[in-house]
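Residues take their numbers from the sequence shown, with the count starting at 1. Note that these values count all heavy atoms, side chains included, but never hydrogens, waters or copies made by symmetry.
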Amino acid sequence: MTRVRKGELALRYVLLLAVLALTVGPFLWQLSTSLKGPTEDIYSSPPSFLPRHPTLHNYERVADTIPVWDYAFNSLKVATANVVTNCVGSALAGYALARLRYRGRRAATLAFVLAMLVPVEGIIIAQFTTMRELGLNNTLIGVVLPGCIGAMNVLLMRNAFLNLPYEIDEAAYVDGANVWQRFLRIALPSVKGTVAVVAIFAFMGAWDDFLWPLIVLSDPSKFTLTIGLNYLHGTFANDERLVAAGTVIAVAPLIALFAGLQRYFFRGVGEGAVKG
């Protein structure tokens with residue numbers, strides 16, 4: 001192994017700390033602001049990350065101002081449905097594109113690639129019209145349906161299945177396994193890492209989505225968390241502590257999800273390896 005010079009090593013750590021400050025710093029600042037009481041100055045110079053008297057009163061005020069837990073439950077239902085539909089649909093479509101032989105397979109793959117190039121804003125009016133014709137406006141199903149299977153997730157699953165040796169399929173076919181058995185018992189367990197990646201992306205996309213739920217939903221009782229928190233920014237824009245507490249509430253489930261799936265997430269890099 002080559003020895004790294006001290007100056008080069010120090011430069012690497014400086015760059016890593018700079019990236020860490022840019023990515024984690026804003027969240028830590030919001031967390032610190034949400035824990036500060038009304039008597040603490042959040043605009044002090046130099047800024048103070050550690051509250052002198054930490055309090056959870058700001059979180060209680062968020063719940064008193066808006067029905068935040070109802071909004072969070074609506075977001076959880078939408079995100080969970082999005083994860084299930086994307087994991088199941090993307091796995092099935094990815095397996096069909098990667099392992100099955102039929103006419104038009106390349107054209108189908110190209111269609112998914114082209115679908116990624118279409119901006120969401122360009123088709124959002126067509127989506128809204130479709131939901132209205134189906135009678136799904138102002139419903140959580142209408143929020144889930146357009147993003148139930150993402151083109152990028154299908155291509156991720158396709159690439160994961162392509163990395164599996166074809167000899168495994170051939171051996172299973174000789175042993176009498178049909179397509180479903182080869183998919184469920186051989187291929188799918190070998191790509192758990194990529195399924196975790198799809199699950200995280202699908203959950204984050206549904207949980208953070210703001211524009212589409214804002215357009216399709218009109219009943220406040222069905223609002224998702226991103227729309228509900230907008231009331232804090234509009235009515236209580238001067239109270240940064242309240243806004244910070246709402247932001248932390250919105251981000252916490254994403255952190256918990258990634259913490260639970262990070263082992264499978266990073267294992268997705270080596271997807272397709274044959275276990276002995």
Side-chain angles (χ1 to χ4, degrees), residues 12-13 15-35 49 56 58-59 62 68-91 94 116 120 140 143-144 146-161 163 188-213 224-230 232 243-273:
R12 291 182 182 181
Y13 278 108
L15 292 176
L16 286 174
L17 289 175
V19 172
L20 183 65
L22 290 174
T23 54
V24 183
F27 173 74
L28 293 179
W29 176 254
Q30 289 290 82
L31 179 61
S32 172
T33 303
S34 69
L35 296 175
F49 276 91
L56 297 177
N58 295 319
Y59 294 92
V62 171
V68 63
W69 305 120
D70 293 337
Y71 294 156
F73 185 59
N74 289 337
S75 289
L76 182 62
K77 289 189 286 186
V78 171
T80 302
N82 207 39
V83 168
V84 173
T85 54
N86 269 279
C87 288
V88 174
S90 298
M116 294 180 58
V120 177
L140 294 181
V143 178
V144 174
C148 62
I149 300 178
M152 184 183 69
N153 295 331
V154 172
L155 295 177
L156 283 174
M157 295 303 304
R158 171 186 175 272
N159 291 338
F161 286 125
N163 289 331
L188 194 59
S190 301
V191 295
K192 289 181 180 178
T194 306
V195 174
V197 172
V198 170
I200 292 175
F201 285 167
F203 190 93
M204 291 178 60
W207 188 269
D208 291 336
D209 193 14
F210 175 77
L211 181 59
W212 175 242
T224 57
L225 188 59
T226 51
I227 304 176
L229 290 179
N230 193 48
L232 299 179
V243 175
T247 302
V248 173
I249 292 174
V251 174
L254 299 179
I255 298 176
L257 177 71
F258 183 79
L261 296 179
Q262 62 174 333
R263 179 180 62 176
Y264 301 102
F265 183 86
F266 292 112
R267 207 178 75 184
V269 178
E271 214 66 283

Visitor: Can you name the closest pair of heavy atoms from Ala206 and Ala79 and give their distance?
Guide: CB-CA, 3.7 Å
Visitor: Please test Trp212 against Thr224 for side chain to side chain contact (heavy atoms under 4.5 Å, CB included), starting from the C-alpha separation and ending with a verdict.
Guide: CA-CA 11 Å; Trp212 175 242; Thr224 57; over 6 Å; no
Visitor: Could you tell me the separation between the OH atom of Tyr71 and the CD1 atom of Ile249, rounded to the nearest 0.5 Å?
Guide: 13.0 Å
Visitor: Between Val251 and Gln30, does the side chain to side chain contact (heavy atoms under 4.5 Å, CB included) criterion hold? Intermediate values first, please.
Guide: CA-CA 11 Å; Val251 174; Gln30 289 290 82; over 6 Å; no
Visitor: Would one find more than 12 heavy atoms of other residues, nucleotides or ligands at under 6.0 Å from atom CH2 of Trp29?
Guide: yes
Visitor: Please determine whether the number of non-hydrogen atoms from other residues, nucleotides or ligands lying under 6.0 Å from atom CZ of Phe73 exceeds 12.
Guide: no
Visitor: Contact between Val198 and Phe203 at the side-chain level, heavy atoms closer than 4.5 Å - yes or no?
Guide: no
Visitor: Quick one: OG1 on Thr33 to CG on Asn58, what's the gap to the nearest 0.5 Å?
Guide: 9.5 Å
Visitor: Closest approach of Gly150 and Ser90, non-hydrogen atoms and distance?
Guide: O-OG, 4.2 Å
Visitor: Nearest 0.5 Å please: distance from the OG1 atom of Thr194 over to the CZ atom of Arg158.
Guide: 13.0 Å
Visitor: With a 4.5 Å cut-off on side-chain heavy atoms, are Val195 and Leu188 touching?
Guide: yes
Visitor: What's the spacing between Asn230 CG and Leu225 CG if we round to 0.5 Å?
Guide: 11.0 Å
Visitor: By the definition side chain to side chain contact (heavy atoms under 4.5 Å, CB included), identify the one residue from Thr226, Leu76, Val78 that meets it with Trp207.
Guide: Leu76
Visitor: What's the spacing between Asn153 CG and Phe201 CZ if we round to 0.5 Å?
Guide: 8.0 Å
Visitor: Start with the C-alpha gap between Ile149 and Val154, add the side-chain angles, then the distance that decides, and say whether side chain to side chain contact (heavy atoms under 4.5 Å, CB included) holds.
Guide: CA-CA 8 Å; Ile149 300 178; Val154 172; 3.7 Å; yes
Visitor: Could you tell me whether the side chain of Asn82 and the main chain of Ala202 form a donor-acceptor pair under 3.5 Å?
Guide: yes
Visitor: Taking all non-hydrogen atoms of both residues into account, name the closest pair between Val248 and Ser34 and its distance.
Guide: CG2-OG, 4.0 Å
Visitor: Could you measure the distance from the CG atom of Leu20 to the CG atom of Leu15? Nearest 0.5 Å is fine.
Guide: 12.5 Å
Visitor: Does Ser32 use its side chain to pair, donor to acceptor, with the backbone of Leu28 at less than 3.5 Å?
Guide: no
Visitor: Taking all heavy atoms of Ala21 and all of Pro26, pick out the closest pair and write down the distance.
Guide: O-CD, 3.7 Å
Visitor: Does the pair Val197 and Leu156 meet the rule for a side chain to side chain contact (heavy atoms under 4.5 Å, CB included), with working shown?
Guide: CA-CA 9 Å; Val197 172; Leu156 283 174; 4.2 Å; yes
